Peer 1: 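This is the structure, below, for whatever I ask next.
Being a predicted model, the structure only gives us computed values, none of them experimental. Below, chains carry the letters A, B, ... as their sequence lines are ordered, and counting in each starts from 1.
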Amino acid sequence: MIDIKLAVSDPDRLKKALESRGLQTAIVDEMATLDQKRKKLVQESDELKRLRNEQSKQVGLLKSKGEDASELMAKTKQMGERIAAIDQELDQIKSELDSIALTVPNIPEEDVPYGKSDAENIHVKTVGQPRVFEFEPKGHWDLGDTLDVLDNTRAAKLSGARFNVFKGKLAALQRALISYMIDMHTKEHGFKEIFAPVLVLDKTCLGTGQLPKFAQDMYKIEGEDMYLISTNEITLVNMHQGEILKASDLPIRYTGFALCFRKEAGAAGRDTRGLIRVHQFEKVEMVTFCKPEESSKELQHLIDSAGAVLEGLGLPYRLSLMCTGDMSGFSAAKSYDLEVWMPSYNAYVEVSSCSNCTDFQARRAQIRFKEGQGEGTKFVHTLNGSGLAIGRTMAAIMENYQEKDGRIRVPDALRNYLGFEFIDGSNK
RNA sequence: GGAGAGGUGGCUGAGCGGUUGAAAGCGCCUGACUCGAAAUCAGGUAAGUGGGCAAUCCCUGCUUCGGGGGUUCGAAUCCCCCCCUCUCCGCCA
């Protein structure tokens with residue numbers, strides 16, 4: 001959540017920010033008006049409460065002396081009724097204000113390029129060279145089908161479209177990738193491994209910004225206020241929901257594997273084949289909590305950590321800074337995408353998005369820190385990045401490491417995890 | 001799923017209708033003592049949100065004792081609903 005005070009103190013900045021993300025700005029003035037109204041009512045209510053408290057004490061005092069207090073009691077009761085009326089109005093304004101504020105995305109950082117579409121993203125660097133094939137490379141769905149390691153037909157039988165069944169050595173590759181990534185992040189990048197539930201309460205999704213605005217992307221459990229997570233950023237960030245952290249414990253870095261579920265509503269007809277766009281996918285996520293002044297540095301650390309996985313696997317990729325209009329993360333103030341080279345697309349495909357959410361999620365989820373005795377509490381900055389999306393990484397390995405005979409060579413880094421050199425139709 | 005017990009400040013734990021934002025102990029911070037430390041002594045030590053002020057100093061109002069609602073002039077304390085934890089039983093991978 002953005003700081004509502006901004007709507008009053010610096011409405012132009014907020015309007016500009018919303019505009020840059022392609023949104024309407026009228027709500028800024030609306031918020032300012034409501035907030036002013038709220039403030040006035042709070043003052044009125046507080047003053048009446050002060051009087052009531054005072055008079056109630058008087059009643060107690062009179063009674064303890066055995067004197068008559070009935071007149072004062074009647075007066076105070078009336079006051080209570082007025083307070084109740086004001087507080088009711090106040091509650092209504094607060095919920096109005098909240099329902100607006102919760103749908104406002106984060107404000108882009110100063111150095112995020114202004115732009116309307118992905119065409120205006122800045123390509124920061126490319127790492128590695130796309131392989132030149134001496135034969136026509138196949139798509140990973142074809143490779144998987146031929147080797148009988150990726151079974152789309154059986155998956156459809158079980159769960160419908162956009163699901164997959166991994167078989168044999170491809171299933172093993174998935175396990176290896178999870179271990180490889182998490183081991184790297186814990187041993188080399190300073191993250192602590194976390195395994196958390198994939199089924200969470202609705203208020204948890206509110207904290208990271210998936211709800212209320214993106215309910216249509218998430219699977220809800222019928223009859224309960226629970227959702228299947230769309231990313232494990234939700235669980236990792238909300239681990240500290242409502243907490244006041246010690247400054248000396250920061251930065252806190254978490255990594256973890258989880259299944260993620262997305263409806264992919266509105267993506268009908270796009271990327272229908274293979275592992276690129278599915279309803280259930282596996283992801284290793286990274287999340288960082290830090291002091292505000294450290295978040296730029298920590299964002300770079302996320303990018304480097306995600307990049308290290310791609311480099312370790314020998315996959316060529318591109319790093320891009322998202323422009324204001326293409327920043328997909330509702331909670332993000334600045335985002336970089338890492339895109340892996342996908343021969344079948346003849347293009348780079350996103351495998352990781354690393355974002356600095358500044359204090360946006362922290363404000364929603366009430367995650368704060370305290371510098372020391374007597375110092376006030378401040379909101380932490382939260383950051384998240386995939387490290388990486390497993391399915392898309394598998395697709396990239398299959399395509400980039402395919403041999404002319406259709407087998408897939410295993411990247412050197414995974415040999416120790418797998419114990420075989422090629423993914424083929426065999427089981428061992 | 002059934003039965004019982006319980007949820008109070010960083011922690012342990014009192015309070016069970018009025019001056020208690022909350023005893024006591026522990027922890028932590030500051031000061032005194034000390035060459036320094038320990039021990040001892042004195043003081044301080046929750047969060048949120050308003051107002052005053054040039055002020056991140058300070059003064060001050062309101063709210064918060066798992067969450068929500070109710071009773072009352074007044075609720076941590078009484079009543080109702082919900083959530084969570086623990087113990088026992090049942091079920092189960």
Peer 1: Do Thr76(A) and Gln55(A) meet the criterion of a side-chain donor-acceptor pair at a distance under 3.5 Å?
Peer 2: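 Side-chain D/A pair, Thr76(A) to Gln55(A): present.
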Peer 1: Does the ring of Phe420(A) carry Lys169(A) above it, NZ/CZ under 6.0 angstrom from centre and within 45° of its axis?
Peer 2: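 Output yes; distance and angle both within limits.
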Peer 1: How many Å lie between CG on Leu41(A) and C1' on G61(B), as a whole number?
Peer 2: 16 Å
Peer 1: Using the P atom in both, what is the distance from C73(B) to G67(B), to the nearest Å?
Peer 2: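 Looking at atom P only, C73(B) and G67(B) are 25 Å apart.
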Peer 1: Between P on A75(B) and CD1 on Ile83(A), what's the gap in Å once rounded to a whole number?
Peer 2: 11 Å
Peer 1: Applying side chain to side chain contact (heavy atoms under 4.5 Å, CB included), can you list everything that pairs with Asp359(A), at least two apart in sequence or on another chain?
Peer 2: Arg363(A), Phe379(A), His381(A)
Peer 1: Testing Asn356(A), Asp111(A), Thr324(A), Thr358(A) one by one against Lys334(A) for a side chain to side chain donor-acceptor pair (under 3.5 Å), which residue passes?
Peer 2: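 Among the candidates, only Asp111(A) passes.
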Peer 1: Taking NZ from Lys203(A) and P from C84(B), how many angstroms apart are they, rounded to a whole number?
Peer 2: 10 Å
Peer 1: Could Lys192(A) and Tyr254(A) be counted as a cation-pi pair, given that NZ or CZ must be under 6.0 Å from the ring centre and within 45° of the axis?
Peer 2: no
Peer 1: NZ of Lys370(A) versus P of C29(B): gap in Å, rounded?
Peer 2: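 After rounding, the reported distance stands at 14 Å.
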Peer 1: When you compare C57(B) with G48(B), how far apart are their P atoms, in angstrom units rounded to a whole number?
Peer 2: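 Each nucleotide's P atom is 14 Å from the other's.
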Peer 1: In residues 55-78 of chain A, what residues come within less than 4.0 Å of RNA chain B, judged by heavy atoms?
Peer 2: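 Hits under 4.0 Å, by residue number: Ser56(A), Val59(A), Gly60(A), Leu61(A), Lys63(A), Met73(A), Thr76(A), Lys77(A).
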Peer 1: Can you pull every protein N or O that's under 3.5 Å from an N or O on nucleotides 49-56 of chain B?
Peer 2:
none

Peer 1: Check every atom of G74(B), G48(B), C62(B) against the side chain of Arg368(A) and return the nucleotide holding the closest atom.
Peer 2: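 Given the options G74(B), G48(B), C62(B), the side chain of Arg368(A) is closest to G48(B).
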Peer 1: Taking the nucleotide of RNA chain B with the nearest heavy atom to each, does Ser45(A) or Ile244(A) sit closer to the 5' end?
Peer 2: Ile244(A)
Peer 1: When rounded to the nearest 0.5 angstrom, what is the spacing between OG in Ser56(A) and CG in Leu61(A)?
Peer 2: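 Reported to 0.5 Å precision, the distance equals 12.0 Å.
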Peer 1: Would you kindly give the CD-to-C1' distance between Glu54(A) and G18(B), to the nearest whole Å?
Peer 2: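 So the CD-C1' distance, Glu54(A) to G18(B), works out to 15 Å.
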Peer 1: Rounded to the nearest angstrom, tell me the gap between atom CG in Asp87(A) and atom P in G70(B).
Peer 2: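 Nearest whole value for this atom pair: 11 Å.
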Peer 1: Roughly how many Å apart are A23(B) and G43(B), using the P atom of each and rounding to a whole number?
Peer 2: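 Here G43(B) and A23(B) have their P atoms 15 Å from each other.
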Peer 1: Report the distance from atom CZ of Arg415(A) to atom CD of Glu421(A), rounding to the nearest 0.5 Å.
Peer 2: 4.0 Å
